[in-house]
Asks: 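First the structure, then my questions, so here it is.
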Amino acid sequence: MAKTKGKSGPLARRPDNSAFKQQRLPAWSPMLTANTVLPFFYLMALICLLLGVWLLLTVQSTQEMKLDYTEAGACSKCFEKRKNVSNAAQACSCTVVFSTEKAFKGDVFFYYGLRNFHQNLRRYMKSKDDGQMLGRRMNLKNPTSYCEPYARDPNGLPIAPCGAVANSIFNDSFILKYHGAGVAARRVPLLRTGITWYTDKNIKFRNPSTENQTLAEAFEGTTKPPYWRSPVYELDVRDPLNNGFINEDLIVWMREAAFPNFKKLYGVLDRAEEPFTSGLPAGSYSIDISYNFPVQYFRGRKEVVLTTLTWFGGQNHFLPIAYLITSGLIFLLAVVLTVVWWKFGKDGKNMEA
Amino acid sequence: MTWRSPLALVRDYLQGQRAREKDLRNLVSNLPYEGLEKRKQPNRYFLSNAIKTTKYTLLFFIPMNLFEQFHRLANLYFVGLAILNFVPAVNAFQPDVALIPICVILSLTALKDAWEDFRRYQSDRKLNNTPCFIYSRKEKQFVQRRWKDVRVGDFVKVVYNEIIPADLLLLHTSDPSGVCLIETANLDGETNLKQRTVVSGLCNTSPEFEPESFNSIVVCEKPNNNLNHFKCYVEKPDKEKVGAGIESLLLRGCTVRNTDHAVGFVVYAGHETKSMLNNNGPRYKRSKLERKLNTDVIFCVILLFTMCLIGALGHFLWLQALPSVPPYLVPDSNGHLDSPSLSAFYMFFTMIILLQILIPISLYVSIELVKIGQIFFITNDADLYDDDTEVRMQCRALNITEDLGQIEYIFSDKTGTLTENKMVFRRCSIVGTEYPHKENAIRLALLAEVDLEEEVIFNQHPQPPQTSWSLDAEDTNSQDSHRRGSRCKSKVAASAQSDVAFSSPLETEVIPDRKLLQQISRAESSSRRKTDPYLDFFLALAICNTVVVSMATAQRRRVSVSPHAWQTNNALDTLSNVVKNAGCIFTSCWRKPKRNRTVSEGSALEDDSFQPPLKMTGTVNTNGIQTYSLHTPSQGDKPAATLDNLRYEAESPDEAALVYAAKAYGFTLLARTPDSVTVRLPSGEDLVFEVLDTLTFDSNRKRMSVLVRHPITKEYVLYTKGADSAIMELLGTPYAEHLMTRNIAADTQHHLDCYAKEGLRTLCITKKVVSDNVYESWLVDRQRALAAIDNREELIMDTAVQLEKNLSLLGATGIEDRLQENVPDTIMALREAGIQVWVLTGDKPETAVNIGYACRLLEKDDLVINMSCKNKLACTSILDCTLEEVRRYSQDPRNVDTTPDISLVIDGCTLTMAMSPDLQERFVDLAKRCRSVLCCRVTPLQKSRVVKVIREKLKVMTLAVGDGANDVNMIQAADVGIGISGQEGMQAVMASDFAISRFKHLKKLLLVHGHWCYTRLANMIIYFLYKNVAYVNLLFWYQFFCGFSATAMVDYWLMIFFNLFFTSVPPIMFGIMDRDVSAEMLLGVPELYRTGQGAGQYKFSTFWVSILDAFYQSLVCFFIPYLVYMDSDIGIFTFGTPLNTVSLFTILVHLSIEIKTWTVVHWVVMFGSVALYFIVTLAYSAICVTCNPPSNPYWILQNQMADPMFYLICIISTVVALLPRYMFHVLKNSIAPSPLVQARHLDRLDSSTKEQWIKEWRSFRGGGQVKRSRLSTPPSPTLENSVDINPETPTAAENMEDDFTLNVTSQRPVHT
């Protein structure tokens, strides 16, 4: 009120005659009626159709092979063995065979799959220490309380990496062998690195700074997770650079899956040498499995997946079909609207209705 | 300072407490104790004048504000959730993160509170530091101090135009008669001057008041908030007691007027003053929509609990189904696992935390913001601004804007609401002869036309009315230079818009009736001039009132003059100027009777009146100056008075109208003091009447009287004026006996009836000569009554009644109260909008019915039911009959296709009976079937009862509009109370939720703003509920895939941001700015208003439809990404990110479908929200490596955005999710468009086609209403017009002999 006093003139109290204050801003007001939206509907139907067709064609060119080896063939004995907790430390290996009728063209990805394994449980997915994985010395020796009860062993030594996620790492290993026509079985080369996101490997997961120490020395004063066979710095015996927190299997495992049925990348076909330069040739294959991971506690299944990828991901029939159905639906609705437009709103005013 | 023991301090405090609580307070002057320390002061226990209206102190702001805020249930909910989060077994998120929402909400509210409190603090400080004059013993004079230094017991001097700092007992004024005039506009808004007198017999009459000699004790009652009551007596040293009441109390906040200075003794200070005790904050009402919303929130709660139960149960079953302990089931730190049932129990609470946003707490905050925005737009509407009074629309209740869009019943006051309450003298009847004042009527008619013309011109060339403000400025200047106290004007004073009873001088002037002028001049010259009834009549008009005379030079701040008075470029204006000047001529030339006659004859013919008066203007002006110079010396110390400068300030405008009328005939009221009245006669002679007593008006007697002593005849004369019903039965016996006099009474009654039919307000004027001994004996009674302690009021009234009998009738007056502009148009529009309009008035049925026709509340071909009966039995039967009749009427097949045009006219006492519990149902049923109802002769209490009964029985939204104190009850009883800031003070405005300045503003307020506010808010709320459900359900669906373990697949920070920032602004903007139909269409087609009535757009079904839609959309938004990513190597948060994005797009595009008009603001907000989402999420994903430990969104969105799959999912999910809603809208708009949609269609057409369409539409919809809309110009209630109408109007008076009357008149042509 004091303000209005300050202004002089008769119109000091008169509201501004601005378009905004008088709610007269120029406006676009779309009308949602049959005739105005028809072009949009037809356009949408067309776009969805084209996308659907394109996706479908792309998906057709992919190859995928899934093999459930939980109790398959020779592995059933290992399955039985793992049922007994006391045998946990004993090694067990088995071999499964399969054959492909068509060659896998291009990059071939080797996944291991788990069914019914809930990596997305709230308590489970919290049970890790990002700080520790980042290589912070503080966290290495003092894991966060989220890791409980896998933060320290009964002797009070900190566990590295701590938590239930790391502890329950999938520890089967595979050797894929190609049995080409008339040739002796030959090991298919798999790249076991480069299977993680670049940012994970280089930023999110770091080893504690070694400073002229060996990795083992850096991890001194910590202990391995209870379910593990070897300490974290000896995860990959063949590639010393793939050890510690930056071990790619560990990194892949630590990215918790969204659903209980999931697959995780195990390796990528190394296309450096024949006959794998253009992918996996058709023929029969075998996989030697070091069968360690118990699944009977949760009625789980284990499988291996071989697949090629497209520009939009793995073999995925749902998306093109969804696009095609949507396209059909929109087209149907567009036809309905055309009828409506024909019968009701041809003059565009609808006043007689 | 001496040290005092704490015990003494406590004792002192308790004593103070007791002293303040006592019923009577003894106050003594502070002066003998001046300079002593505080504990020796006698008045130390009473509050000082410093005020503090702030709620908080700097130190305790946080705890006090928190305490305040936790009174809200919603906040407690938040706190409960936060606490739950600290329970380790239950927590869903990190405890500290869970505090974010509550902290944000609390701190936002706290910021708002702090800002408001700071504003209060500033205004307090300003007020406390306002200077004032306090007497100091040391300096032996009044010294300048500040308001906060004023203490009880001080002597304070207030000067002209100064605001009174505390409640003062008036002891001395500069006026020799001990009068001080104050203006209470700051308190109650009444702008007329109120007279206060010094406590009689207390101080010597010496010109200078000496406070030091004041040694009495002032005993007064405990402070209370009654502005019109104060009890106190002053005990002199010699034990003599002198009583004083409100008439001696100067109230804090009032302004001293027309008095040079006054000295008072402070009785109450600071917070104990009456004005502060009256100071209540804004009222809090809950709107209908909000009440409905609350039930829906309860449904949300139920939904939440159901979902949590499903979650808990699911978790239990999932745990049960596990064959043994899998590695992913993490035990607690002791390696112990809870049993499934216990886990499920905990899970229930965890789920509540996870799904908490289902309860739309942010909705309440958003609604408040939206309402603030809506109010901003309403108050800034230039169409609701009144140029004359410079008043904007005021919103006093902040949270019921949307109720304006749902009104079904309007209850309106008549006087001052439908009419101007600017009384114009129209006709009079003296001793049985009628003087129609035709010239005056012509002038008024012309004036009205000029008004119309003016409006057109104004629209074409919008130029500001220069004149009024230049006057304003001048006025302030003169005041400043004139009075030293004027700089003390606080903003409170400046803000109060004072206005005199008339805004335009043109309307106050009266052209005298030629015949009557001759009659008067004859009477003047005749020998028996002292007793001539004609002279007496005008003397009575001039004397019998409480009008205060003030000078135009000493005018209060603003004399608003209508701009057209200065425009002389068109003929009509010239004429109006002429007319105005002519008015001056008559009044100022009266001392030369001969010449006057020629003038009045000259103006009799309209054509001739152009030239002669123009010529005369010059002479008149010189004349005026002469009068001035002639009279100043003789006036003595009184302010110089010229006739033109006289201004009359009356409590009711009728009184002023009568005084102006008397002035027109030369009987000029020159001055009024408590015990004398000075009247200048036509002959130029000044008569000073001694006023012996004033029997003030009250609503029981319905009359007022003034007892004066005639200066010449020395007779005691009682002039009484009042309502005809109150006067006619008090006429003296001679009237019953003599044929002649009885004829006078009968003729006058006849004239009165005619006036009433014309819609004029009638008053009877009587005179009585009181003999000396009667007066003496009466005086004794009177004084006893005045001195009485118990039922004093009653005794005083008895004495009044005692004297007011055997009156002799002088005549009657008819005063016109003109309809406000555009009233018929507004009422028509409101009715077309489906609103039933009731008019509740205190006027007579005839007057009311006439106004009813004039303002098109009643139509000529209406079925008018007139109810008026004297006893309950009759009332019962009449109700039954009418109800039967009305039912038959509406069931009649011939009437099916037409709207039932039934109107009900009912008078006060019938209404009372009809409202009795046993008849109530039937009455309400009848009223429901009537299109309009007119209640006459109702009391304020009845008004509020009617509103309450209708509101409760019919369960409808009611709106009451009124302008006077008598409407306050009604305004408060209705759902929405609207006050009209008009002539009758501000009481109605103070009690109202919205204040407008003209009745016509109601049209835009309801039809446009009401509709907008309602649709906006209703849509916003529905959208908000939808939004929460849609988003929360995503989390819920995920529970089916994570063992019901309350995992969130979205990072919690992003989840909070999603609600707080990414999707909060668009709905708020939607609620403030969306415009479904343009204002022109809403005004052009009032029918559109019906969409908001009753359940309106916010129906129960609407809520469920939107909830179902939310479920569908969330299913789509969740399961399309799920099916896409099924069996893949997707991570939790990698899955959550596209989900979040899809959800954002769906929610925003959904809003886009709902938004009706897109302005720049809309585009900016929408795109801003999307941009904000991506920027914030990208930044967050880039920076946060470990900032929110368990969840880790690092580089996820970047990764996703590099993946084409992300976009494919976004497109298909959004399209599929919104397809049904989009389709639904399109189909509905195409096949069965609602009126609103049709209106929007019309909006897109160009203006001329649009108008044509509107016309056609109205004719198509409203049937018979085309005919009416053609007649939208307001017919002025002139005599000719109303005579046409009246024969058909049933009147109660014609059937007075009957026990009851039932007149059902129908002008409807019978269909054959």
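Convention: sequence-line order gives letters A, B, ...; per-chain numbering from 1. From a predicted model like this one, the values you see are computed outputs, not experimental measurements.
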Asks: Give a yes or no on whether the backbone of A:Gln23 and the side-chain of B:Arg1075 come within a donor-acceptor separation of less than 3.5 Å.
Replies: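 Side chain of B:Arg1075 to backbone of A:Gln23, a donor-acceptor pair under 3.5 Å: yes, one is there.
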Asks: So which atom in B:Arg1244 and which in A:Ser29 form the shortest heavy-atom distance, rounded to 0.1 Å?
Replies: NH1-O, 2.6 Å
Asks: Heavy-atom distance under 4.5 Å to chain A: side chain of B:Leu354, backbone, both or neither?
Replies: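 No part of B:Leu354 comes within 4.5 Å of chain A.
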Asks: Is it the backbone or the side chain of A:Pro26 that comes under 4.5 Å from a heavy atom of chain B, or both, or neither?
Replies: backbone
Asks: If you look only at pairs with a residue in residues 312-323 of chain A, which of them pass as a side chain to side chain donor-acceptor pair (under 3.5 Å), with sequence neighbours excluded?
Replies: A:Thr62-A:Gln315
Asks: Salt bridge check, A:Arg255 against B:Asp1129: does any charged N sit closer than 4.0 Å to a carboxylate O?
Replies: no
Asks: Which atoms of B:Ile1153 are under 4.5 Å from chain A, going by heavy atoms: the side chain, the backbone, both sets, or neither?
Replies: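 Both parts, backbone and side chain.
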Asks: Do the rings of A:Trp28 and B:Trp1158 sit parallel, tilted or perpendicular, given the 30° and 60° boundaries?
Replies: tilted
Asks: With a 4.5 angstrom heavy-atom cut-off, is it the side chain or the backbone of B:Phe1135 that approaches chain A, or both, or neither?
Replies: side chain
Asks: I'd like to check B:Ser1230 versus A:Trp341 (side-chain heavy atoms, cut-off strictly below 4.5 Å). Are they in contact?
Replies: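 Heavy-atom side-chain distance check fails, nothing below 4.5 Å.
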Asks: So which part of A:Asp200 gets closer than 4.5 Å to some heavy atom of chain B, the side chain, the backbone, both or neither?
Replies: neither
Asks: How far apart are the closest heavy atoms of B:Ile1132 and A:Ala257, and which atoms are they?
Replies: CG1-O, 3.2 Å
Asks: What part of A:Leu329 gets closer than 4.5 Å to chain B, counting heavy atoms only: side chain, backbone, both or neither?
Replies: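 Only the side chain of A:Leu329 comes within 4.5 Å of chain B.
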Asks: Would you mind checking which part of B:Met393 comes under 4.5 Å of any heavy atom in chain A, side chain (CB onward), backbone (N, CA, C, O), both or neither?
Replies: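 Neither part; nothing is under 4.5 Å.
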Asks: Which bit of B:Val1216 is near chain A, if near means a heavy-atom gap under 4.5 Å: side chain, backbone, both or neither?
Replies: side chain
Asks: I would like to know whether A:Trp197 and B:Ile1196 meet side chain to side chain contact (heavy atoms under 4.5 Å, CB included); could you show each step before the answer?
Replies: CA-CA 10 Å; A:Trp197 293 10; B:Ile1196 286 180; 4.0 Å; yes
Asks: Would you mind checking which part of B:Asn1199 comes under 4.5 Å of any heavy atom in chain A, side chain (CB onward), backbone (N, CA, C, O), both or neither?
Replies: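 Side chain only.
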Asks: Less than 4.5 Å to any heavy atom of chain A: does that hold for the side chain of B:Ser1078, its backbone, both, or neither?
Replies: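 When you check distances to chain A, no heavy atom of B:Ser1078 falls under 4.5 Å.
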Asks: If I measure from the heavy atoms of chain A, does B:Phe376 come under 4.5 Å with its side chain, its backbone, both, or neither?
Replies: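 Side chain of B:Phe376 only, per the 4.5 Å heavy-atom cut-off to chain A.
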Asks: Let me know if A:Leu134 has heavy atoms under 4.5 Å from chain B in its side chain, its backbone, both or neither.
Replies: side chain
Asks: Report which part of B:Val1161 has an atom under 4.5 Å of a heavy atom belonging to chain A: side chain, backbone, both, or neither.
Replies: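 Just the side chain, heavy atoms under 4.5 Å.
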